[in-house]
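Data block below; observations after.
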Amino acid sequence: MNRGRVRAVAVAVIRRRDEILVADIPDEVKGITGYRPLGGTIEFGERGDETIVRELREELGAEIVDTRYLGTLENIFEYRGARSHEIVRVYEARFADGALYERERFDAVEERADPFVCVWRSVRTFGAGAPLYPDGLLELIA
């Protein structure tokens with residue numbers, strides 16, 4: 001997170017029936033775990049749709065196709081006790097390899113960070129007890 005700066009990010013909503021692929025986002029300070037689609041920082045000179053292609057290739061080793069822009073969200077939040085601010089470009093996409101939809105979990109890696117796990121989670125399970133990040137995403141994809 002870039003504290004004190006607005007961060008431009010892009011995320012990919014990948015659907016499997018009524019589920020989307022998300023990573024757990026634990027916040028030990030708040031004592032909750034939220035969920036977020038895969039994506040990352042938009043690099044200088046890179047478009048949002050190019051960001052999600054690159055990020056899913058880096059994090060999962062997977063190719064995505066049929067990217068479609070859904071909207072932009074502004075997310076001002078506190079995570080692990082620090083305030084952050086993001087402008088989030090949201091895209092829908094699908095895996096190029098249909099066999100990936102049969103997997104229940106994905107072991108992912110991120111540069112300069114610990115490995116993490118992604119799972120399919122029903123859109124109906126998100127809410128106050130299981131927040132979907134960024135704020136406003138649930139309404140955008142519903």
May I ask you to decide whether [X] forms a salt bridge with [Y], counting only side-chain N to carboxylate O separations under 4.0 Å?
X    : Y   : result
E86  : R36 : yes
E102 : R16 : no
R68  : D66 : no
E50  : R54 : no

Do [X] and [Y] share a hydrophobic cluster (ILVMFWY, side-chain heavy atoms under 4.5 Å, transitive)?
X   : Y   : value
Y35 : L70 : yes
V53 : I14 : yes
V9  : V90 : yes
F77 : I25 : yes

Supply the atom-to-atom distance [X] [atom1] to [Y] [atom2], rounded to the nearest 0.5 angstrom.
X    : Y    : atom1 : atom2 : answer
L38  : F116 : CG    : CZ    : 5.5 Å
E92  : I64  : CD    : CD1   : 11.0 Å
T67  : Y91  : OG1   : OH    : 7.5 Å
L138 : R124 : CG    : CZ    : 12.0 Å

Hey, does [Y] have a side-chain heavy atom less than 4.5 Å from the side chain of [X]?
X    : Y    : result
E63  : D97  : no
L73  : D135 : no
Y101 : R94  : yes
I20  : F126 : yes
L60  : L100 : no
H85  : E74  : yes
V88  : L137 : no

Q: Determine the interplanar angle of the W120 and F95 rings, folded into 0 to 90°, and report it as parallel if under 30°, tilted if 30 to 60°, perpendicular if over 60°.
A: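 Perpendicular.
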Minimum heavy-atom separation for [X] and [Y], please, with both atom names.
X    : Y    : result
G40  : T51  : O-CG2, 3.6 Å
A130 : R121 : CB-NH2, 3.4 Å
R83  : I76  : NH2-CG2, 3.4 Å
G48  : A10  : O-CB, 3.5 Å
P37  : V11  : O-CG1, 4.0 Å
I141 : L132 : CD1-CD2, 4.1 Å

**Q.** Side-chain donor/acceptor of D24 to backbone N/O of P26, under 3.5 Å
**A.**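 Side chain of D24 to backbone of P26, a donor-acceptor pair under 3.5 Å: no, none is there.
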